[in-house]
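First the proteins, then the strands, lettered A, B, ... as listed; each starts at 1.
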Amino acid sequence: MYNFKEIEKKWQDKWSNDERLRAVDFHPTKPKFYVLYEFYNISGNLHMGHLKGTVPADALARYKRLKGYNVLFPIGGDSFGLPAENAAIKTGIDPHKFVEDGFKRVLEQSKQIGLSFDWTRTFCTSDEDYYKWTQWIFLQLFKNGKAYKEQGVVNFCPKCQTVLSNEDSQGGKCDRCGSDVIQVNRNVWFLKMKEYSEKLLGNVERINMAEHLKEAQRNWIGKSEGIQLKLDLVDEAGNKLDHMEIYTTCIETVYGITFVVLAPENAKLDQLKQNIKNFDKITEYRQKTALRSEFDRMSQVKDKTGCKVEGIYAINPLTGDKVPLYIADFVLNSYGTGAVMAVPCHDQRDYEFAKEFNIPFVQVIDGDCSKCAVEKAEYLEKNQKMLNSAEFTGMNVLDAKKAIAKKVIENGFGKTQVNYKMQDWSFNRQRYWGEPFPIVFCPKCGIVALDEKDLPLALPKTNDYLPNANGDSPISKIDSFVNCKCPKCGGSARRETDTMPNWAGSSWYWLRYVDPHNPNMLADYEKLKYWGSVDVYTGGTEHITRHVLYAFFWQNFLYEIGAVPTRDPFIRKMGSGLILDDEGKKMSKSSKNGVSPLEVIDKYGSDVARMHVHFLAGYEDNCQWTFKGIEGIVNFLDRVWKLQDIVKGDGISKEHEVELNVLIKKVSSDYENLKLNTAISACMIFVKKIKEDGFITREELRQFLLVLNPLAPHITSEMYERVFNADLLDATFPEYDEAKTVKKEINLPVQLNGKMKGTILIDSTLSQEQIENACREFVGITAEQVKKVIYVPNRIINFII
RNA sequence: GCGGACAUGGCGGAACUGGUAGACGCGCCAGACUUAGGAUCUGGUUCGCAAGAGUGGGGGUUCAAGUCCUCUUGUCCGCACCA
């Protein structure tokens, strides 16, 4: 057994200062390769998930370096956010200190795993040098009209007095104290992300990423195409008061409208206040809705509540029918026009609402509507006949959908419309530990941006991390920060005291790695051009949908203002699977059955830990942690170590030529695709063969060590030094020769009428005719009997008789 | 409910654009060396005594299907009153 403790420490120390592991800007000869592993979230120690997540990226980086690439493989800390702030509130520790210590710790632990990050390019999102540029990006957004402040409805924890993001309030409970979250109106900064919907969809199409992750993003963007229909609003007597618009993707049901529903918040109601006879009831319902928590609204999906709007009716433009108006909280003000046409026969929500409020039903498409609505999916699939729809009656619904849309547009009743579910990005939090906004409120000039020269706007120090009674952020209590001069008029003004959300710093960090110490811009344009898009971006899948969309958004914006050379931040994104504990639950700090990677490294060494985790499952698959089977890896590395003792001869031996070429070919493609489990198995197969033969030549061993190095960097580096008296990092990854990946003598499977008859040992260089003859003889048939031959060279031969 | 992914031995998992299913490892069985072994080495290990049957189940395409099509069952994930 080799002394892994001594060996691993030795190499880790070497690597932490080795220039050959660093990226070189504008390398004169080497092509670039950018491997990115997601930011460390600074909260505690590295856990098993990190071992699963980082090692394939490290293997890829090491492999690419040996292949002669100029590799950028950086790491940093996502340090603004809850862990540091919560620790501050709980223990009083200064978040600056919390982050500094935490970052130092995870970097140290990264070295113990043997990760070959470029240690000269590290930073945290809470570093002033970094958030200066986060603030700068916000300023550009603001100046280009992509950031605005508006009243908005947000999640709020009444106990903590703070606004919560959706993910901080999962299940309707506050992440911190567990109280019920309510919805409140607040002044909110929004970024105009919705405007980028179509561009983001383009990014989603172009990126190389697992289909289910792409689908989640398309879902989040939620593109839909339909018709925006204009309806006149009239009073009881039929006098026109105004008009409104609704959005529908089911224009084919337009003859079945029996009522119209507005979102409670819809501004049309306020405009027509005088004509509404029961405005007090409307107000009451509005208040009730506002108080219902998100969770409440979700848990009562089936219960339809609402309120009739007395005194106003809508006119169906196609029929001229006068239908009643309702408000209900199932209609969202933020989507479409905040109003829908209701066709109870063909929409289950409308059906339930109509039942509840005794509204008539009109069926316009064939099917059984007696118990529930016949919805779009069903009637379109069956292409049902139209009913009660004037000249369209009797038509197929697929034809009618187009014909009715045409009529609506030609008559000016409406227009085609594309809508997106995605909303503008609510961008502020009432928290201490985040980027301050470079914004000032001036009584004379209004909202004023700070001058770029004055960045960074430093986060003031404090020891009071709690919001005030109004739910304003802790920094609102710091007068020296709040009170300032207006950059425009010089008069006294107040600063924005909210801070940016955790997502901000992580929405552009891959750009900063390219030029991490640049004091003049977020990153030098030429360097950005040189490094281009991230070739492979690895990391967990927990917040992947939103994080990657935010990344797309900012990259697109930065591209449009000429700050970066491309719209696509990442060429390929791979999501690491989870490591589950023995109960099948996610292994994390909170998990009781959690095993620390450092524990495993201490016991077996980093090379074993790295390989064992990745032998358990593929990169994107979840796997259950177990020590079971780790002996297999221990034995394997032990055998590798002993290869030193059986070195004999030079060059590549005839005996191992094919095996070595097969091995190099296999692992090369496996490293590119982060398929470490099969790469390990290929290495095992090779060593097995070597053991069988009892010898390995010097050159074979040299190439094998290079092949195994990305997986087990320590042991291979040590052996390389011992046997070759050289540093493995100066070597080049071996090439394989395709012609030498197939043996001369092969076992060719022979089939008769598609049935396996056995295999025949045959010289693969023979002509097809010679092979056919030999195989025919093997299965005992004559050339006359054969109707057809299927021959796939080196794979199979099949005779049809 | 909608959308996506997946389903292979006792277990984790292999199988390139359809081409010998079960690689590799664990476990298990037998043997060797041993006073002994939970150490090491060697051999075996999908099921079945066998003919044969086998990739959740039914149908199909093909010379050939784990792989493609169709229906169906189950598991996991994402979204969830989005009009």
Novice: Watson-Crick or G-U wobble partner for A7(B), using a 3.5 Å limit on both distances?
Specialist: U73(B)
Novice: Any side-chain N or O of Asn219(A) below 4.0 angstrom from OP1/OP2 of A80(B)?
Specialist: no
Novice: Taking only the C1' atom of each, what is the distance from G22(B) to G9(B) in whole angstrom?
Specialist: 7 Å
Novice: Could you check G48(B) for me: syn (within 90° of 0) or anti?
Specialist: anti
Novice: Please tell me which of Lys688(A) and Thr337(A) maps to the more 5' nucleotide of RNA chain B, matching each residue to the nucleotide holding its nearest heavy atom.
Specialist: Lys688(A)
Novice: What contact category does Thr678(A) fall into here, base, sugar-phosphate, or nothing, at under 4.0 angstrom with non-hydrogen atoms?
Specialist: sugar-phosphate
Novice: Can you confirm whether or not the ring centre of Tyr335(A) sits under 6.0 Å from the ring centre of Tyr420(A)?
Specialist: no
Novice: For Lys376(A), answer base if it contacts any base atom (sugar-phosphate contacts may also be present), sugar-phosphate if it contacts only those atoms, and nothing otherwise; contact means non-hydrogen atoms under 4.0 Å.
Specialist: nothing
Novice: Quick one, Phe353(A) with Phe259(A), criterion ring pair (Phe, Tyr, Trp, His ring centres under 6.0 Å). Give me CA distance, side-chain angles, the key distance, then yes/no.
Specialist: CA-CA 10 Å; Phe353(A) 193 87; Phe259(A) 59 107; 5.6 Å; yes
Novice: Any side-chain N or O of Tyr335(A) less than 4.0 Å from the OP1 or OP2 oxygen of A83(B)?
Specialist: yes
Novice: Looking at every strand, decide which applies to Asn747(A) at a 4.0 Å heavy-atom threshold: base, sugar-phosphate, or nothing.
Specialist: base
Novice: Round to a whole Å and report the spacing from NE2 of His612(A) to C1' of C24(B).
Specialist: 14 Å
Novice: Hey, does Asn635(A) reach any base, or is it just sugar-phosphate, or nothing, if we go heavy atoms under 4.0 Å?
Specialist: sugar-phosphate
Novice: If you check the Asp621(A) side chain, which of A15(B), A14(B), A83(B) turns out closest?
Specialist: A14(B)
Novice: How long is the line joining NZ of Lys628(A) and P of G25(B), in whole Å?
Specialist: 17 Å
Novice: When the distance from CD1 of Ile630(A) to P of G27(B) is rounded to whole Å, what number comes out?
Specialist: 12 Å
Novice: Grab the CZ-P distance between Phe686(A) and C24(B) for me, whole Å please.
Specialist: 15 Å
Novice: Closest heavy-atom contact between Glu356(A) and Lys304(A)?
Specialist: CG-O, 3.7 Å
Novice: Could you go step by step and tell me if Phe636(A) and His612(A) meet the ring pair (Phe, Tyr, Trp, His ring centres under 6.0 Å) rule?
Specialist: CA-CA 11 Å; Phe636(A) 169 70; His612(A) 179 56; over 10 Å; no
Novice: According to the Watson-Crick and G-U wobble definitions, with both distances under 3.5 Å, which nucleotide is paired to G38(B)?
Specialist: none
Novice: Taking pairing as Watson-Crick or G-U wobble with both contacts under 3.5 Å, can you name the mate of G27(B), or confirm there isn't one?
Specialist: U45(B)
Novice: Taking only the C1' atom of each, what is the distance from G1(B) to G10(B) in whole angstrom?
Specialist: 39 Å
Novice: Considering only the C1' atoms, how many Å lie between C28(B) and C47(B), rounded to the nearest integer?
Specialist: 16 Å
Novice: Apply ring pair (Phe, Tyr, Trp, His ring centres under 6.0 Å) to the pair Phe704(A) and Phe686(A), showing each step before the final yes or no.
Specialist: CA-CA 9 Å; Phe704(A) 174 71; Phe686(A) 181 76; 5.4 Å; yes
Novice: Strictly by Watson-Crick or wobble contacts shorter than 3.5 Å, is anything paired with G78(B), and which nucleotide is it?
Specialist: C2(B)
Novice: Once you apply a heavy-atom cut-off of 4.0 Å, does Ile790(A) come out as touching a base, just sugar-phosphate, or nothing?
Specialist: base
Novice: Applying a 4.0 Å non-hydrogen cut-off, can you work out what Lys787(A) is touching in the nucleic acid: base, sugar-phosphate, or nothing?
Specialist: nothing
Novice: If you only use heavy atoms from C-beta on, which nucleotide in G4(B), C81(B), A83(B) is closest to the side chain of Glu215(A)?
Specialist: G4(B)
Novice: How close or far is atom P of G4(B) from atom CE of Met209(A), stated in whole angstroms?
Specialist: 15 Å
Novice: For atom C1', what is the distance between A21(B) and A64(B), given to the nearest Å?
Specialist: 14 Å
Novice: Looking at side-chain heavy atoms only, is the closest gap between Cys307(A) and Tyr326(A) below 4.5 Å?
Specialist: no
Novice: Would you measure the distance from the P atom in G59(B) across to the matching atom in A50(B) and give it in whole Å?
Specialist: 27 Å
Novice: Begin with the C-alpha distance, continue with both residues' side-chain angles, and end with the deciding distance and a verdict on ring pair (Phe, Tyr, Trp, His ring centres under 6.0 Å) for Tyr550(A) and Trp425(A).
Specialist: CA-CA 9 Å; Tyr550(A) 290 148; Trp425(A) 178 4; 3.7 Å; yes
Novice: Which nucleotide in the set G19(B), G13(B), G78(B) lies at the smallest distance from any side-chain heavy atom of Asn677(A)?
Specialist: G13(B)
Novice: C68(B) and A15(B): how far apart are their P atoms, nearest whole angstrom?
Specialist: 14 Å
Novice: Which is true for Gly336(A) with a 4.0 Å heavy-atom rule: it touches a base, it touches only sugar-phosphate, or it touches nothing?
Specialist: nothing
Novice: Flag the pair Glu252(A) and Lys402(A) as a salt bridge only when some basic side-chain nitrogen lies within less than 4.0 angstrom of an acidic carboxylate oxygen.
Specialist: no
Novice: Looking only at atom C1', what distance separates C79(B) and U70(B), rounded to whole Å?
Specialist: 27 Å
Novice: Looking only at side-chain atoms of Val792(A), point me to the closest of U20(B), G19(B), C82(B).
Specialist: G19(B)
Novice: What integer number of Å spans the C1' atoms of U67(B) and G60(B)?
Specialist: 15 Å
Novice: Round to a whole Å and report the spacing from CE of Met422(A) to P of C82(B).
Specialist: 18 Å
Novice: Tell me which nucleotide among U20(B), C82(B), A83(B) gets nearest to the side chain of Val331(A).
Specialist: A83(B)
Novice: Under 3.5 Å for both donor-acceptor distances, Watson-Crick or wobble: does U20(B) have a partner, and if so which one?
Specialist: none
Novice: Could you state the atom-to-atom distance from CG of Asn798(A) to C1' of U62(B) in whole Å?
Specialist: 11 Å
Novice: Scan every strand shown for a Watson-Crick or G-U wobble partner of C33(B), both distances under 3.5 Å, and answer none if you come up empty.
Specialist: none
Novice: On a plain distance test, is the side chain of Arg349(A) in donor-acceptor contact with the base of C82(B) below 3.5 Å?
Specialist: no
Novice: Between Lys691(A) and Cys623(A), which residue's closest nucleotide on RNA chain B lies nearer the 5′ terminus?
Specialist: Cys623(A)
Novice: Given C82(B), A83(B), G12(B), identify the nucleotide with an atom nearest to the side chain of Leu616(A).
Specialist: G12(B)
Novice: Please classify the nucleic acid contact of Gln751(A) as base, sugar-phosphate, or nothing, using heavy-atom distances under 4.0 Å.
Specialist: base
Novice: For the residue pair Val204(A) and Phe552(A), establish whether any side-chain heavy-atom pair is separated by less than 4.5 Å.
Specialist: yes
Novice: Between C79(B) atom C1' and Leu332(A) atom CG, what is the distance in whole Å?
Specialist: 14 Å
